[in-house]
Amino acid sequence: IIPPKGWRPTNTYDDIDDLLIPAPVQQVVTGQSGLFTQYNIQKKPMTVFEFQKTSNLDKFCSPRNVDFDELERKFWKNLTFNPPLYGADVSGTLFDSDVSEWNMAHLNTILDTLDNESGMKIKGVTSPCLHFGMWKSAFAWHTENMNLYSISYLHYGEPKSWYVVPPEHGRRLERLAKAIQHSSPKHKPAVDVILTIN
């Protein structure tokens with residue numbers, strides 16, 4: 001979705017440097033030939049300023065490329081080197097409170113009744129979360145909470161790439177991932193399996 005020209009979620013991002021990412025993870029990836037395992041190692045809390053400073057180090061910057069295809073090849077070729085950091089599920093929003101259209105904190109959906117009638121908040125479902133990534137940070141294929149659709153807004157930075165499995169093939173992917181996980185004792189349920197299907 002492309003917002004209307006002139007639409008902005010906030011007047012400035014200058015005030016987020018001190019925002020705390022409470023549990024960033026270093027994403028260590030092992031594997032080869034299209035089958036990779038990602039181990040998420042929790043690091044000490046860091047501010048957005050510290051995260052941005054780290055992500056701007058040469059080893060974490062996107063490599064030069066002429067087009068997306070080249071960048072994607074470099075991603076898969078270098079996936080196991082220089083583990084990136086990822087700051088996931090940080091409660092909050094960067095949208096200004098007076099933004100009425102497309103404000104992730106105020107979407108006015110039927111899910112609002114959970115909060116309004118029962119006071120129930122479900123992080124990432126009825127309240128927004130922020131995610132902070134850098135070159136090569138990844139999030140495993142998954143089904144959203146309660147099989148709901150997901151809405152993401154990229155505030156700034158390089159574009160994200162999404163690999164999507166059509167719903168009719170979801171169970172097949174799950175069976176494949178489970179078979180791979182159970183075929184090796186070193187694959188534990190707490191790790192993510194990343195597949196490239198050529």
For residues 85-95, which side-chain N or O atoms pair as donor and acceptor with protein atoms under 3.5 Å away, sequence neighbours left out?
from, atom 1, to, atom 2, distance (Å)
Tyr86, OH, His131, ND1, 3.1
Thr93, OG1, Phe95, N, 3.1

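Checked against a 6.0 Å centroid threshold, the rings of Tyr153 and Trp7 count as neighbours.
More than 12 heavy atoms of other residues, nucleotides or ligands shown are found within 6.0 angstrom of CD on Glu168. Within 6.0 Å of CG on Asp15 lie more than 12 heavy atoms contributed by other residues, nucleotides or ligands.
The two residues Cys61 and Asn56 have their closest heavy-atom pair at SG-O, 3.4 Å. Minimum heavy-atom separation, Val28 to Ile41: CG2-CD1, 3.5 Å. Across all their heavy atoms, Gly133 and Ser137 have their closest contact at CA-OG, 3.3 Å. Residues Val164 and Pro166 come closest through the heavy atom pair O-CD, 3.8 Å.
Taking Tyr156 as the reference, Gln52 meet the side-chain hydrogen bond (donor to acceptor under 3.5 Å, both in side chains) condition, with sequence neighbours excluded.
We find that Lys74 and Glu70 are joined by a salt bridge, their nearest charged nitrogen and carboxylate oxygen being less than 4.0 Å apart. Under a 4.0 Å N-O distance rule, the pair Lys53/Glu50 does not qualify as a salt bridge.
Looking at Trp135, its side chain never comes within 3.5 Å of a backbone N or O of Lys59 through a donor-acceptor pair. Panel note: side chain Asp96, backbone Asp98; no donor-acceptor pair is recorded below 3.5 Å.
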